[in-house]
Structures are given as C-alpha cells and as structure tokens.
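This report concerns only the one structure given below.
Count residues from 1 along the sequence.
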Amino acid sequence: MVSPASQLSNVAKETLRAGEPGRFEAVKQRPKLAYTEVVTDDGGLKYQNLAQIAAAANQNKVGLVATNIGRVQSSMPGEGENVERFERRQRKLLNRLFQALQVEVDSPKSAERLEDIKEIEGENLLSDAKRWSESHPSHFFDFKKDEAFGTLRERLYRSFAMPADAPGSINVLAREVVNPLWEPTRIWSRVGVACSQNVSPRVPLSISER
C-alpha cells in the first residue's frame, strides 16, 4: 500500500523534509559518568563491586519516560483552553522528556539519571508529566468506564475513525496477506491451544478481535 504523503493530509502535516527546522530541540549527548567514579556523601565509592554496578545499570526509567512521551504527545487541549499556549507548554515538556530519555537509555554506560539533570528540572520531571496527563488525558492511553452503559469500552474506538472492512483497508491486508503467510508456522498444543514461543502473533482479523 503506497501513496504520496501529499494525498494523506495528516501525514503530510507531520512530515518534515531535509533542511526544514525541527519542532523540538536537538537531543544532547551528555558525558558518561562511570559507575566506578560515583561517590557517597562521606567520600566512599557508592558501588563496591561488579554485582552492584550490574544491578544499578539495569535500573532505569526508559519505559516510564517513553510512556510519558506518548501520553504528552497524544494529549489534547481541554475545552476552552488556548490552543497556542497548550502547544507551547506541550512542546516544552516533550523537550524535557526527550533529553531525559537519552540519559536513561545510556544507563548501561553511565550512572547519571534523569533526576540528576538540573537543566531539565529532572527532579520534578515525572511529577510534571503526571500532572499534565491528569489535566490533558490521552484517548490513546486512557480507557475509562462508560457510565451511560456501565461497561468498559475503549474510548479510542468511540472517538477516532478506525479502518473499515473494505478493499484496501488494513483489516483486509492482515486477513488476506499476512495471516495466510503466518498460519503454517503456528504451533498447536495437544489441547488445540496455539503456542506462542518463538512464533509471531497472529494479526487480528478485525477490530472486534482486538
């Protein structure tokens, strides 16, 4: 399925060409802080052996920061809120989160964490992102109870148009192209349950299967 971006209005607006200014600040690579150089308040080494360093290197907030980036990016202004002001504040918070993500991604090589970065007010960054999400919910992330019907419904499918089951839609592509190719590779147990180990998941036939 190939089509020029100019024929897809939303995609065209989101697409940047080479040489055009970016919407966000460039992410800066920070100097690495070796775990063997981190000292405590009394001057001793914080990490005494390789086991402690290995444990600390795996403790990062990559997933948390990435989730917050998704929430902030997909959030929408509140009713009556000034759109330009909303976008300025959103962009500023995203810039902070992007810088924080780089720091957390470097955790295997650097002992520095987002809370240590004063330039992005890292100590308050996650709480600021949480407050933003509470006041600007994202329909792509938040699935809330439908009080009118008393059932849990995904607000995403009520608020945004999804592909129809018509020629050229993503559902037809999955059903007629992808699933037939994957079907022979599925492994079944004796009770007829598909085993997922080392096998790619089956693409849903339609929205109702998701």
For a 4.5 angstrom cut-off between non-hydrogen side-chain atoms, does [X] reach [Y]?
| X | Y | answer |
| --- | --- | --- |
| Lys92 | Glu25 | no |
| Leu125 | Val65 | no |
| Lys46 | Val39 | no |
| Ile117 | Gln99 | no |
| Gln102 | Gln29 | yes |

Open item on the list: Show the nearest heavy-atom pair for residues Arg96 and Ile120, with the distance to one decimal.
Closed with: NE-O, 2.8 Å

Task: Heavy-atom closest contact (Pro31 atom, Ser110 atom, distance) - done: O-OG, 4.4 Å

Hey, could you give me each pair passing ring pair (Phe, Tyr, Trp, His ring centres under 6.0 Å) that has a residue in [range]? Not counting sequence neighbours.
| range | result |
| --- | --- |
| residues 65-91 | Phe86-Trp132, Phe86-His136 |
| residues 39-77 | Tyr35-Tyr47 |
| residues 102-124 | none |
| residues 97-117 | Phe24-Phe98 |

- [ ] Could you tell me whether Arg131 and Asp128 have a side-chain N and a carboxylate O separated by less than 4.0 Å?
- [x] yes

Task: Ionic contact status for Glu119 with Arg30, cut-off 4.0 Å - done: yes

When the side chains of residues 48-63 are checked against the rest of the protein, which donor-acceptor pairs come out under 3.5 Å, sequence neighbours left out?
residue: Gln48; atom: NE2; partner: Leu45; partner atom: O; Å: 2.5
residue: Asn49; atom: OD1; partner: Ala51; partner atom: N; Å: 3.2
residue: Asn49; atom: OD1; partner: Gln52; partner atom: N; Å: 2.9
residue: Gln52; atom: OE1; partner: Gln48; partner atom: N; Å: 2.6
residue: Asn58; atom: ND2; partner: Ala54; partner atom: O; Å: 2.9
residue: Asn60; atom: OD1; partner: Val62; partner atom: N; Å: 3.1
residue: Asn60; atom: ND2; partner: Ser107; partner atom: OG; Å: 3.1
residue: Lys61; atom: NZ; partner: Glu115; partner atom: OE2; Å: 2.9

TODO: Give a yes or no on whether Glu134 atom CD has more than 12 heavy-atom contacts from other residues, nucleotides or ligands under 6.0 Å away.
DONE: yes

How long is the straight-line distance from [atom2] of [Y] back to [atom1] of [X], given to the nearest 0.5 Å?
| X | Y | atom1 | atom2 | value |
| --- | --- | --- | --- | --- |
| Glu121 | Glu123 | CD | CD | 10.0 Å |
| Ser74 | Ile69 | OG | CD1 | 11.5 Å |
| Arg113 | Leu33 | CZ | CG | 9.5 Å |
| Leu114 | Leu101 | CG | CG | 10.0 Å |
| Arg71 | Leu94 | CZ | CG | 13.5 Å |

Open item on the list: Show every salt bridge (charged side-chain N to carboxylate O under 4.0 Å, His left out) that has at least one partner inside residues 32-45, sequence neighbours left out.
Closed with: Lys32-Asp106

- [ ] Please check if the side chain of Asp116 supplies one atom and the backbone of Glu112 the other of a donor-acceptor pair under 3.5 Å.
- [x] no

Task: Verify same cluster id: Leu93, Val27 (apolar side-chain graph, 4.5 Å) - done: yes

Task: CA sep, side-chain torsions, deciding dist, call: Arg89, Glu81, side-chain contact (heavy atoms from CB on, under 4.5 Å) - done: CA-CA 12 Å; Arg89 295 175 59 211; Glu81 184 174 2; 3.8 Å; yes

